[in-house]
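Scroll down for the structure; my scribbles are underneath it.
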Amino acid sequence: MTPRLEAAFDSPAAKSGHVRRLFATIADRYDLITRVLSYGLDGRWKRRLLTLAAVQPGESALDLASGTGDVARLLQQAGAHVVGLDVTHRMLQLARAKPAAGRLPLVWTVGDMAALPLPGRRFTLVTTSYGLRNVPDLETAIDEIVRVLAPGGRLLSLDFNRPANGTVRAAYLAYLTAVGSVLGWLLHGDSDTYRYIAASIRRYPGAEGVAVRLRQCGFVDVQIVPILFGLMTIHVARLPPAA
Ligand SMILES: C[S@@+](CC[C@H](N)C(=O)[O-])C[C@H]1O[C@@H](n2cnc3c(N)ncnc32)[C@H](O)[C@@H]1O
């Protein structure tokens, strides 16, 4: 890893700055790169998340790190009132430009998952895809999700896993680093751009570690749904109902 990319993980502030610059840079190519890197499977994983979410028509849903809005639109299509939140203004401009997927409103909000500009207990469902791995401090982001969820509310999070097996992990990260380097160089003239993915997974606690933190922050019934032989995962969790 280059010293520049290494420095991106020196502190929460450094990671926050790096992530903001990164997604502002790649926003216009984000949909393309996501399809290429997932071999076209990303849409299927997001639909799986929606199936697991079992959206109730009319419920209030929040999609965090919404990006260009795939999951937010699926939630709208399923009949939810949706807020799609992202820290990158350009991502939300691209999301807004896409056609509506349902009749109920979908509101786009620029904001930080670590300090949500939203009132407490406002949502019955929070989703995020490739969101939790990118925040500077996982516990802070989970605490904010807990704050805005109503009692009994659900969280569903899709992300890369950090394989527990050392050999699998090394091969997986080497593969992502190699592919990321080529794509970064071809699309942005900077091979570090998508090497960030492997670098962020290396520092991520992995599916089990995330599940532990979810429980520590108050979630119950935490499930890990493996995708692609466990290389990706969806966490499904809920808050206890009101006492
Ligand atoms: C890999 S993209 C995922 C986009 C979308 N969820 C999807 O699955 O296609 C990560 C997104 O997280 C956003 N992001 C990163 N840090 C954030 C933060 N602290 N708060 C809100 N959004 C953040 C980025 O701007 C980017 O749009």
Side-chain angles (χ1 to χ4, degrees), residues 8-9 11-38 40-50 53 61-76 82-98 101 106-118 125-145 147-148 155-161 176 180 183-184 187 193-201 203-204 227 232-235:
F9 297 93
S11 67
K15 184 172 177 188
S16 174
H18 184 87
V19 164
R20 285 170 190 238
R21 284 190 298 277
L22 174 69
F23 286 107
T25 303
I26 69 171
D28 285 87
R29 295 197 164 105
Y30 180 75
D31 286 348
L32 167 71
I33 203 73
T34 304
R35 244 174 280 132
V36 171
L37 280 174
S38 70
L41 293 172
D42 168 72
R44 186 183 301 182
W45 301 336
K46 287 171 176 164
R47 287 192 294 278
R48 180 85 191 278
L49 179 146
L50 253 288
L62 170 65
D63 183 47
L64 293 173
S66 220
T68 57
D70 287 351
V71 170
R73 268 194 310 282
L74 287 172
L75 290 164
Q76 186 190 33
V82 187
V83 174
L85 178 140
D86 200 284
V87 79
T88 307
H89 183 254
R90 179 64 186 151
M91 285 283 193
L92 294 187
Q93 277 184 331
L94 294 164
R96 251 187 220 108
K98 295 182 181 179
L106 200 180
V107 176
W108 302 108
T109 305
V110 177
D112 186 343
M113 285 172 74
L116 291 172
L118 296 164
L125 173 63
V126 171
T127 56
T128 184
S129 49
Y130 318 117
L132 290 179
R133 182 176 36 87
N134 289 311
V135 295
D137 182 69
L138 187 55
E139 283 79 3
T140 303
I142 297 173
D143 281 343
E144 276 295 86
I145 293 170
R147 183 180 68 76
V148 298
L155 166 68
L156 285 96
S157 168
L158 163 69
D159 218 316
F160 289 86
N161 189 10
L176 286 173
L183 285 175
L187 294 175
T193 308
Y194 300 109
R195 275 191 199 149
Y196 165 79
I197 298 172
S200 63
I201 296 170
R203 288 159 179 81
Y204 194 52
I227 310 275
M232 314 288 300
T233 50
I234 297 175
H235 285 89

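Just so it is clear, the model here is predicted, and its values are computed rather than measured. All ligand and atom numbering here is 1-based and tracks the order in the structure.
Judged by distance alone, the side chain of Asp159 and the main-chain N or O of Arg133 form a donor-acceptor pair under 3.5 Å.
The closest side-chain donor-acceptor pair between Arg73 and Gln76, if any, does not fall under 3.5 angstrom.
Relative orientation of the Phe23 and Tyr30 rings is perpendicular, given thresholds of 30° and 60° on the angle between their planes.
Scanning for salt bridge (Lys or Arg N to Asp or Glu O under 4.0 Å) contacts around Lys15 gives an empty result, with sequence neighbours left out. Under the rule for a side-chain contact (heavy atoms from CB on, under 4.5 Å), the partners of Arg203 that lie at least two apart in sequence or sit in another chain are Met1, Glu6, Phe9, Ala199. For the side-chain contact (heavy atoms from CB on, under 4.5 Å) test, residues two or more places apart in sequence or in another chain that qualify with Thr109 are Val83, Leu85, Val107, Pro117.
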Ligand 1 polar-atom proximity to protein (N/O, under 3.5 Å):
residue	atom	partner	partner atom	Å
ligand 1	6 (N)	Ala65	O	2.6
ligand 1	6 (N)	Ser129	O	2.8
ligand 1	6 (N)	Ser129	OG	2.9
ligand 1	8 (O)	Lys46	NZ	3.2
ligand 1	8 (O)	Ser129	O	3.4
ligand 1	8 (O)	Ser129	OG	2.5
ligand 1	9 (O)	Tyr30	OH	3.0
ligand 1	9 (O)	Lys46	NZ	2.8
ligand 1	19 (N)	Asp112	OD1	2.8
ligand 1	20 (N)	Met113	N	2.8
ligand 1	22 (N)	Val87	N	3.2
ligand 1	25 (O)	Asp86	OD1	2.6
ligand 1	25 (O)	Thr88	OG1	2.5
ligand 1	27 (O)	Asp86	OD1	3.3
ligand 1	27 (O)	Asp86	OD2	2.7

